[in-house]
Undergrad: 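If you scroll down you'll find the structure; I have some questions about it.
Since we're looking at a predicted model, the values are computed, not measured.
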Amino acid sequence: VPGYIFANQNGYPIETRPLDGSCIRFYPKIASPVNDGWNMVAVSLNPNDANYAKAQLFPSATSAAYRYAAGYVSMDPLEKGVGVWMKFTGDGSAGNSPSTFTHSLVVSVADKWNMIGGPSTPVPVGSIVPNLTAVTSSYFGYGTAGYTVAGSINPGKGFWVKVSGAGTLTLTGSAAAPKAAPTVIGETNLAELNRITLTDAYGRSQTLYLGEEGLVRNEPSLFELPPAPPEGAYDVRFTSQRMVESYPAVDEAGRSYEYPITIRSAAYPVAVRWEMNAPVKGSRNMVLSDVVDGKSIHQVMEGSGYYVIKNASVKSVVVKLSEGVDVPAKYALGRNYPNPFNPVTRFSVDLPKTTEVEVAVFDVLGRKIASLMSGTHAAGTYNLEWNARDASGMVVPTGMYFLRVSSEEFNASQKIMLMK
């Protein structure tokens with residue numbers, strides 16, 4: 001972001017003073033803050049040599065540049081005002097070529113979704129002027145938190161926007177600092193909704209929202225997410241393609257309410273965390289399940305909690321609004337099956353309320369060799385398995401082992417036999 005630079009006017013050494021009658025000219029370089037992997041970037045300055053070739057402006061990119069035109073197409077040379085996807089290795093900044101600032105841009109947009117870039121200074125999204133078209137979505141950026149609603153169009157970054165027809169957007173920079181992602185979109189306060197965040201093993205995440213109809217005060221189209229990133233970029237969304245879903249305050253007779261979520265290009269394990277800011281009224285519960293058999297995951301979502309998906313074949317989950325979900329009446333450690341086993345045995349753990357719990361495997365000498373579950377977990381039945389490996393991933397030898405469940409109010413253990 002442009003700022004001030006101090007030049008030595010009267011100090012020493014004398015050699016560093018500008019000569020009388022001369023001037024100093026600074027040429028900033030095009031630079032975009034990037035994360036490891038895929039990024040949305042844009043050219044926000046004027047290269048002094050007018051060379052917009054991708055290799056000249058972004059020599060450290062490890063992929064081609066892809067703009068959006070009803071699908072991803074490669075683009076070279078690049079163009080001011082057009083956002084592109086590019087892939088980089090490592091976090092840092094990317095960019096080259098001495099340039100001069102540009103403080104205003106008129107960006108051409110096509111019907112539906114567009115990737116755009118802004119000028120050399122931040123542009124509050126509320127100041128963007130559409131011409132011959134209308135904006136029908138939020139503005140979205142992309143980073144380690146996935147797609148997020150943008151408060152401003154920041155230099156060097158690409159952003160998504162959906163419009164109602166071909167036209168232009170006029171973006172004029174301001175001296176204000178870039179705005180953070182808003183918590184209020186239209187008339188909907190996201191902080192009032194239930195929040196579900198899916199984070200993969202690389203720390204990439206995406207937050208989705210689910211709330212009663214009275215709390216979601218805008219048309220669903222306002223919460224539509226942009227097209228999915230290129231293959232390999234982390235992406236999580238409701239199958240409706242939105243980031244916000246709603247449910248009625250009162251059930252309609254005979255109707256079920258399910259909200260499937262797709263998980264794309266994730267590194268496992270994936271942690272699903274929830275904050276129930278607006279609990280479901282009446283006897284209904286929110287339940288996290290899988291869409292394969294509905295049994296591998298069956299987690300009642302109450303208060304704050306999380307569930308870890310270790311199975312890399314699970315590419316989607318579903319949040320169900322269920323009547324009369326059975327919450328265990330008491331703590332219990334279910335019998336493992338098969339027993340003896342080779343190489344995997346499965347068992348269940350019942351929690352009647354949210355509690356701090358650890359489920360671990362011990363050898364006959366009392367040494368803990370594997371932790372299968374730990375931390376605070378919501379009430380529900382947890383289906384767990386042990387694959388006969390220790391904490392370092394090594395296969396353990398044939399013999400007797402012990403499953404042990406430990407919490408403030410419950411402790412239980414049972415023998416299990418590994419036979420090869």
Undergrad: Does the side chain of Asn285 come within less than 4.5 Å of Val280's, by heavy atoms?
TA: no
Undergrad: Give the minimum heavy-atom separation between Ala278 and Glu192, together with the two atoms involved.
TA: CB-O, 3.4 Å
Undergrad: Say whether, by atom type as modelled, one donor and one acceptor occur between the side chain of Thr207 and the main chain of Thr197 under 3.5 angstrom.
TA: no
Undergrad: Could you pull out the closest heavy-atom pair between Leu57 and Pro47, with the gap in Å?
TA: CD2-CG, 3.9 Å
Undergrad: Sub-3.5 Å donor-acceptor pair from the side chain of Asn277 to the main-chain atoms of Leu193, do we have one?
TA: yes
Undergrad: Would a 4.5 Å heavy-atom cut-off, applied to side chains only, mark Asn411 and Val405 as touching?
TA: no
Undergrad: Flag the pair Arg67 and Glu79 as a salt bridge only when some basic side-chain nitrogen lies within less than 4.0 angstrom of an acidic carboxylate oxygen.
TA: no
Undergrad: So that I can tick it off, tell me whether Arg217 and Glu187 are bridged by a salt bridge, with the cut-off set at under 4.0 angstrom between side-chain N and carboxylate O.
TA: no
Undergrad: I'd like to know whether the aromatic ring centres of Trp386 and Tyr401 sit less than 6.0 Å apart in this structure.
TA: yes
Undergrad: Take atom NZ of Lys420 as the centre, draw a 6.0 Å sphere, and report whether it contains more than 12 heavy atoms from other residues, nucleotides or ligands.
TA: yes
Undergrad: Does Arg242 make a cation-pi contact with Phe223, if we ask for NZ or CZ under 6.0 Å from the ring centre and within 45° of the axis?
TA: no
Undergrad: For the atom pair CE (Met40) and NZ (Lys157), what is the distance rounded to the nearest 0.5 Å?
TA: 8.5 Å
Undergrad: How far apart are the closest heavy atoms of Tyr147 and Pro227, and which atoms are they?
TA: OH-O, 2.7 Å
Undergrad: Verify side chain to side chain contact (heavy atoms under 4.5 Å, CB included) between Val272 and Tyr306, making sure each step is shown before the conclusion.
TA: CA-CA 5 Å; Val272 184; Tyr306 69 93; over 6 Å; no
Undergrad: Nearest 0.5 angstrom please: Phe88 CZ to Ser93 OG, how far?
TA: 10.0 Å
Undergrad: Regarding Asn48 and Ser99, do their side chains bring together a donor and an acceptor under 3.5 Å, going by distance alone?
TA: no
Undergrad: Compare all side-chain heavy atoms of Pro155 with those of Pro122 and state whether any distance is below 4.5 angstrom.
TA: yes
Undergrad: Hey, are Glu409 and Thr355 close enough side-chain-wise for a donor-acceptor pair under 3.5 Å?
TA: no
Undergrad: Compute whether any side-chain donor of one residue and acceptor of the other, for Ser348 and Asn383, lie under 3.5 angstrom apart.
TA: no
Undergrad: Could you tell me if Asn131 and Thr170 have a donor-acceptor pair between their side chains, going purely by distance under 3.5 Å?
TA: yes
Undergrad: What is the minimum heavy-atom distance between Gly303 and Trp274, and which atoms define it?
TA: O-CD1, 3.5 Å
Undergrad: So does Tyr268 have more than 12 non-hydrogen atoms from other groups sitting under 6.0 Å from OH?
TA: yes
Undergrad: A side-chain contact here means heavy atoms from C-beta on lying under 4.5 Å apart; do Ser174 and Pro124 qualify?
TA: yes
Undergrad: Give every donor-acceptor pair under 3.5 Å between a side-chain atom in residues 209-216 and any protein atom, sequence neighbours left out.
TA:
none

Undergrad: OG1/Thr262 to NZ/Lys315 distance, rounded to the nearest 0.5 angstrom?
TA: 11.5 Å
Undergrad: Is the shortest side-chain heavy-atom distance between Ser138 and Leu222 below 4.5 Å?
TA: yes
Undergrad: If every non-hydrogen atom of Lys330 is compared with every non-hydrogen atom of Asp350, which pair is closest and at what distance?
TA: O-CB, 3.6 Å
Undergrad: Could you label the plane-to-plane angle of the Tyr68 and Trp160 rings as parallel, tilted or perpendicular, counting under 30° as parallel and over 60° as perpendicular?
TA: perpendicular
Undergrad: Once you round to the nearest 0.5 Å, how far does CE of Met417 lie from CE of Met419?
TA: 7.0 Å
Undergrad: Taking the six-membered ring for Trp, are Tyr72 and Tyr66 ring centroids under 6.0 Å apart?
TA: no
Undergrad: Roughly how far apart are Leu105 CG and Leu169 CG, rounded to 0.5 Å?
TA: 11.0 Å
Undergrad: Mark yes or no for whether Asp200, through its side chain, and Ala267, through its backbone, hold a donor-acceptor pair below 3.5 Å.
TA: yes
Undergrad: Could you check whether any side-chain N or O of Asn39 sits under 3.5 Å from a backbone N or O of Val41, counting only pairs where one atom can act as donor and the other as acceptor?
TA: no
Undergrad: Given Gln414 and Leu333, is the side chain to side chain contact (heavy atoms under 4.5 Å, CB included) satisfied, shown in steps?
TA: CA-CA 8 Å; Gln414 65 184 41; Leu333 170 61; 3.8 Å; yes
Undergrad: Looking at side-chain heavy atoms only, is the closest gap between Thr102 and Ser120 below 4.5 Å?
TA: yes
Undergrad: Mind listing the closest non-hydrogen atom pair of Phe238 and Met243 along with its distance?
TA: CE1-O, 3.8 Å
Undergrad: For the CG atom of Asp235 and the CG atom of Leu225, what is their distance to the nearest 0.5 Å?
TA: 7.5 Å
Undergrad: Is the gap between the ring centers of Tyr234 and Trp38 under 6.0 Å?
TA: no
Undergrad: Flag the pair Glu358 and Arg404 as a salt bridge only when some basic side-chain nitrogen lies within less than 4.0 angstrom of an acidic carboxylate oxygen.
TA: no
Undergrad: Go through Ser44 and Lys80 one step at a time and tell me if the side chain to side chain contact (heavy atoms under 4.5 Å, CB included) criterion holds.
TA: CA-CA 6 Å; Ser44 294; Lys80 286 201 310 294; over 6 Å; no
Undergrad: Between Tyr382 and Val359, is there a side-chain heavy-atom distance shorter than 4.5 Å?
TA: no
Undergrad: Taking the side chain from Asn114 and the backbone from Ile116, do they hold a donor-acceptor pair closer than 3.5 Å?
TA: no
Undergrad: Applying side chain to side chain contact (heavy atoms under 4.5 Å, CB included) to Tyr52 and Asn46, what does each step give before you reach the verdict?
TA: CA-CA 9 Å; Tyr52 285 85; Asn46 297 316; 3.9 Å; yes
Undergrad: Between Asp111 (side chain) and Ala166 (backbone), is there a donor-acceptor pair under 3.5 Å?
TA: no
Undergrad: Can you find a pair of side-chain heavy atoms, one from Val163 and one from Thr136, that are under 4.5 Å apart?
TA: no
Undergrad: Taking Tyr259 for the side chain and Ser246 for the main chain, is one N or O donor matched with an acceptor at less than 3.5 Å?
TA: yes
Undergrad: Could you check, using the six-membered ring where one of them is a Trp, whether Phe402 and Phe362 have ring centers closer than 6.0 angstrom?
TA: no
